[in-house]
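These notes concern the structure reproduced below.
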Amino acid sequence: MGVTMRLVGLAARRPRVLMAAMPGATECRLALEAGLRRRGWAAVPSPAAADVVAACGQVPPDLAGPLAQVWSEVPEPKAYIVCADPPSVEADLDRVAGRLADPAGGPGPGWAASQPEYACSQDDGMGMGVHGGSGHGVDGDGGMEMPAGLAMADRGADRDGLKLDQLHAGLGPFLADWPAGLVLHLVMQGDIVQEATVETLGATPVGSFWNEPWRQAAAGGEVTAGMAARRLAACRLDGLGRLLAVAGWPDAAGAARWLRDELLAGLPTTDAARRFGRLERRVGRSRALQWATAGVGVIGGPDVAARYQGWLADIAEAVAALDDQTPLPGSALVRSLPVPAPGELLAALERAAVGAEIGAVRLMVAGVDVDLDEAVDPAGVGGG
Amino acid sequence: MVVETAPLWAVLVAPALLTALAGVGTWADRLVEARAAGAASRPEAVLTGMVSDAARLLVAQRRATLAPDRLMWRLGVVVVPVAAVLAVVVVPFGRWAVDDLGVGVVWFNAMEILTWAALWAAGWGPNSFWSLIGGYRMVVQGLAYELPHMFALIGVATAAGSLQVGTIVAHQRHLWFAVWMPLGFVAYLLSVLGFSFTKPFDQPAGADLSGGVLVEAAGADRLVIAAGRWLLLAAGAAMAVPLFLGGGLGPGLPAWAWSTLKSLAVLGVLVAARHRMPTIRLQRWVPVAWLVLIPLTIVQVLVAALVVLAR
Amino acid sequence: MSSNFLPVLALLAVVLGAVGSLYGLRRLVEVSRDPLATAPFGSGLLPSEHALSRFHVRWYTLCMLFLAFDMEMVFMYPWTRVVAAVGPSSVIEMFVFLAVLLAGVSYAHREGALAWA
């Protein structure tokens with residue numbers, strides 16, 4: 001056991017973190033991302049690669065089940081944290097490293113709350129025996145073969161009128177670089193989407209973190225245009241980071257997120273302009289990124305390539321206005337909110353995903369500012 | 001003789017050298033990425049990260065997804081490093097190759113093609129939606145890079161009139177093939193990125209698939225396939241040296257030193273390419289590969305054949 | 001010309017031994033002997049059917065095109081060794097054949113075989 005424990009200790013020096021972003025907790029996610037960067041810990045996209053599951057924000061009841069599912073997919077040694085309070089993220093990360101180095105200590109703070117309810121809450125017709133391995137079996141429809149208690153793919157018509165195997169898959173809720181609380185249920189044939197349905201989980205429209213200065217100004221608070229510009233620039237850098245990560249450019253994504261965090265921490269204008277200039281040259285002039293994203297996007301809207309160029313232009317403008325001390329007018333500027341209400345975007349995504357390759361769908365979602373913290377139009381999609 | 005078959009104990013040295021090259025590549029790669037993102041990036045911190053990752057994957061609990069195809073899965077994972085190491089049988093280190101086979105170029109090609117099948121199997125095995133799509137993406141990727149790769153190899157073999165790597169090196173005594181066959185060289189480097197499913201050709205293991213073929217790989221399996229990926233890249237970089245850059249030939253330094261320096265330089269170029277751009281989507285790349293790269297590499301072979309006729 | 005495959009077999013034994021001992025080492029140091037039986041990653045959701053299925057390969061025409069070229073490659077490797085000996089006729093025949101194949105590629109492209117989504 002001595003060698004094992006030494007190796008476990010070595011592993012705990014650089015944990016690999018699966019981040020589970022919760023709605024209404026953008027600040028927690030930002031604090032966690034910044035914490036990981038300071039320590040040189042990496043965020044990973046799947047449970048098999050992770051040893052830490054970090055819930056960013058309070059876990060809403062309808063996300064507890066999916067979170068428990070993701071947790072159950074991580075191999076030992078593993079640890080779990082809920083980062084619900086941005087200032088205490090550093091302490092949380094210290095604690096989780098301690099847990100990892102000592103596997104006998106249990107999963108981690110805050111875990112017990114969501115675990116037991118899970119077994120009953122997830123049973124919506126997909127009652128597969130995950131923990132038993134061989135499965136309990138489900139009532140099949142009409143004597144269909146069910147190896148390991150799970151149905152085989154059934155056939156459905158494709159666009160050419162052929163009958164071919166269909167797979168049902170969900171994108172989200174806990175996908176890396178994905179809007180918190182969003183689920184896109186897909187019917188797939190091969191790598192092409194046949195049907196897409198949006199569901200939102202855990203969304204409580206508390207108002208987007210990115211729109212905060214405008215909300216405060218509208219409520220009569222004292223907000224300068226410079227403060228709003230800082231938030232807008234950070235918002236666009238956040239979107240850019242997500243898009244670049246999905247597009248498979250971790251260097252540029254990391255640079256965008258780093259600048260975002262520094263801006264929010266009060267980076268002076270000259271430094272911000274210099275560092276943004278470097279990022280803009282790198283990303284804005286990348287032909288490969290243009291090539292990967294041109295023509296991908298929601299129907300009737302700008303494509304993803306045009307979206308990120310627009311973001312870069314927004315950031316350039318905002319960075320130039322960081323020191324603007326004039327007060328932000330109260331209500332006139334609602335039009336220019338960084339993040340819109342997501343209702344229409346979600347409906348447009350549903351339509352645009354059909355017939356697209358799955359990688360293109362990921363780019364599409366990353367290319368629109370979906371933030372479920374803004375109120376979803378009650379007449380629109382969601383909750384279904 | 002420029003290249004000779006080494007004594008049998010070289011079979012112990014060659015994998016060690018390849019692993020060292022792959023290790024240097026991984027380290028440089030992580031260093032560059034950490035610097036770009038403002039993460040902890042002292043060189044020794046990056047090394048600690050690598051050791052920590054290896055330790056984690058060794059001690060981690062075994063993991064089996066629901067009803068996997070175990071045989072395919074394990075086979076796919078193991079073949080990746082095995083093919084990479086077997087490919088360097090014909091790659092000379094200075095004057096010595098493990099075995100300077102008469103069909104060396106074809107052997108290298110065959111080993112590299114093994115990984116094509118292996119990645120599909122590794123994607124199929126776990127019975128997972130994401131990795132299944134990743135596995136099939138590797139098949140498309142192979143359809144796009146294999147032919148330019150083969151034409152690049154054939155151009156070299158035509159110019160030397162031989163499939164033996166030693167003879168190919170000897171033919172570059174006066175002029176490297178990279179100098180007068182630049183298209184073949186570029187196509188070869190692109191295909192190295194392709195068969196080692198490395199950025200920008202990493203769609204089979206893409207971020208948009210949460211890791212694709214790697215999504216369910218945990219513990220020792222993940223260690224083996226991730227190491228195999230870097231071994232493949234290193235093997236491709238090492239093979240570029242005898243094929244296009246004159247092998248161990250060079251003034252002043254001993255042959256093994258030239259081999260080392262040139263391999264590191266090629267690996268450096270490949271690692272730099274990883275960080276210069278995002279993933280190239282196959283739907284965009286396939287038409288380019290078939291309509292631009294294949295005709296260009298064919299023209300390259302034609303040029304080589306005409307040069308041979310004129311000699 | 002060497003065709004002694006003994007070193008190749010020896011290297012195969014070495015690398016299989018290395019991979020095998022890595023798995024063996026894992027067996028010695030792993031934290032738990034019980035494998036984790038888990039659902040495949042579904043970003044928090046459980047799968048509703050097995051992923052292993054008849055994958056809809058929309059780029060199958062690309063495979064056909066590839067096969068045509070791949071058969072041609074089988075001849076081209078030995079061809080490289082005889083270009084000088086046989087002379088211009090070998091080059092003319094090979095490249096006329098390649099031109100025919102390339103014509104096939106351009107036809108397939110016009111028919112949309114290189115795009116699939």
Side-chain angles (χ1 to χ4, degrees), chain B residues 5 8 11-12 14-15 58-67 69 78 81-82 85-86 89 98-102 106 124 126-130 132 136 140 143 146-147 150 154 157-158 161-164 210 215-216 219-220 223-224 283 286-287 290-291 294-295 298 302 305-306 308-309 311, chain C residues 1-8 10-12 14-16 18-19 22-23 25-26 29-32 34-43 47 50-53 55 57 59 62-63 65-66 69-70 73 76-77 79-81 83-84 87-88 91 94-95 98 102 105-106 109 114-117:
Chain B
T5 292
L8 196 57
V11 298
L12 297 174
L58 271 179
V59 295
Q61 184 186 20
R62 258 172 275 183
R63 189 172 181 280
T65 48
L66 188 83
D69 189 333
V78 169
V82 170
V85 173
L86 287 186
V89 157
V98 171
D99 193 354
D100 193 19
L101 295 170
V106 184
W124 172 270
N127 193 8
S128 153
F129 169 74
W130 297 109
L132 184 75
Y136 276 97
V140 201
L143 293 174
E146 280 296 348
L147 289 173
M150 286 193 247
I154 284 170
T158 308
S162 170
L163 295 167
Q164 189 165 27
S210 305
V215 72
E216 305 296 347
L223 186 57
V224 168
Q283 285 170 305
V286 163
W290 278 85
L291 300 173
I294 289 177
I298 288 179
L302 180 61
L306 294 178
V308 168
L309 287 182
R311 271 209 282 259
Chain C
M1 172 159 189
S2 152
S3 55
N4 172 17
F5 277 86
L6 180 69
V8 176
L11 190 61
L12 177 65
V14 167
V15 60
L16 284 179
V19 173
L22 190 77
Y23 280 104
L25 181 63
R26 185 272 299 270
V29 301
E30 65 191 346
V31 290
S32 163
D34 306 320
L36 175 70
T38 172
F41 179 51
S43 48
H50 287 278
L52 300 186
S53 58
F55 193 86
V57 176
W59 28 268
L62 205 59
C63 305
L65 216 50
F66 179 82
F69 271 93
D70 212 32
M73 292 294 176
M76 213 160 172
Y77 274 122
W79 169 85
T80 59
R81 292 175 48 83
V83 176
V91 175
M94 183 52 81
F95 284 88
L98 281 169
L102 282 181
V105 172
S106 85
H109 171 59
L114 303 184
W116 66 90

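So that the names make sense, note that chain A is the first sequence line, chain B the second, and so on, each numbered from 1. Source: prediction; values computed, not measured.
Proximity to chain B (any heavy atom under 4.5 Å) is shown, for C:Phe66, by both the backbone and the side chain. Using a 4.5 Å cut-off between heavy atoms, B:Leu309 touches chain C through its side chain atoms alone. When heavy atoms are compared at a cutoff of 4.5 Å, C:Ala84 approaches chain B by way of both its backbone and its side chain. The contact between C:Leu12 and chain B is made by backbone and side chain atoms together, counting heavy-atom distances below 4.5 Å. Residue contact with chain B, scored on non-hydrogen atoms closer than 4.5 Å, involves the backbone and the side chain of C:Val8 alike. Proximity to chain B is limited to the side chain of C:His109, based on heavy atoms less than 4.5 angstrom apart. For a residue to count as touching a neighbouring chain, one of its non-hydrogen atoms must lie under 4.5 Å from one of that chain's; by this rule B:Ala60 touches chain C with the backbone only. Using a 4.5 Å cut-off between heavy atoms, B:Leu291 contacts chain C through its side chain alone, with no backbone atom that close. With a 4.5 Å cut-off on non-hydrogen atoms, B:Trp290 touches chain C through its backbone and its side chain both. For C:Val29, the parts sitting under 4.5 Å from any heavy atom of chain B are the backbone and the side chain alike. For B:Leu8, the part lying near chain C is the side chain, with the backbone staying farther off; criterion is any non-hydrogen pair under 4.5 Å. Heavy-atom distances place the side chain of C:Val19, and not its backbone, under 4.5 Å from chain B. Heavy-atom distances place the side chain of C:Leu98, and not its backbone, under 4.5 Å from chain B.
Proximity of a side-chain donor or acceptor of B:Asn127 to a complementary backbone N or O of C:Leu52 within less than 3.5 Å is detected. Between the side chain of B:Gln61 and the main chain of C:Asp34, a donor-acceptor pair closer than 3.5 Å is present.
For the pair B:Ser162/C:Arg81, a side-chain contact is recorded, criterion being any heavy-atom separation below 4.5 Å from C-beta on. Looking at heavy atoms from C-beta onward, C:Pro7 lies in side-chain contact with B:Val98 at the 4.5 angstrom threshold. Within the 4.5 Å cutoff, the side chain of B:Ile298 has heavy atoms near those of the C:Phe69 side chain.
Scanning all heavy atoms of the two residues, the minimum distance from C:Met73 to B:Leu147 falls at CE-CD2, 3.7 Å. In terms of heavy-atom proximity, C:Pro40 sits nearest to B:Ser128 at CB-CB, 3.6 Å. Across all their heavy atoms, C:Trp116 and B:Gln283 have their closest contact at CZ2-CG, 3.5 Å. The two residues C:Ser53 and B:Leu132 come nearest to each other via the heavy atoms OG-CD2, 4.3 Å. Of all heavy-atom pairs spanning C:Asp70 and B:Met150, the tightest one is OD1-CE, 3.3 Å.
Most heavy-atom pairs under 4.5 Å with chain C, from the set B:Ile294, B:Val82, B:Val308, B:Val11: that is B:Val11. Across B:Val78, B:Leu12, B:Val140, the residue that shares the most heavy-atom pairs under 4.5 angstrom with chain C is B:Val140. When each of B:Ala64, B:Ala14, B:Pro15, B:Pro126 is checked for heavy-atom pairs under 4.5 Å with chain C, B:Ala64 comes out on top. Between chain C and the residues B:Val215, B:Ile154, B:Val89, B:Val224, the most heavy-atom pairs under 4.5 angstrom are made by B:Ile154.
Interatomic distance, OG1 of C:Thr80 versus CG of B:Leu163, reported as 4.0 Å (0.5 Å rounding). A distance of 10.0 Å separates OG1 in B:Thr158 from OH in C:Tyr77, rounded to the nearest 0.5 Å.
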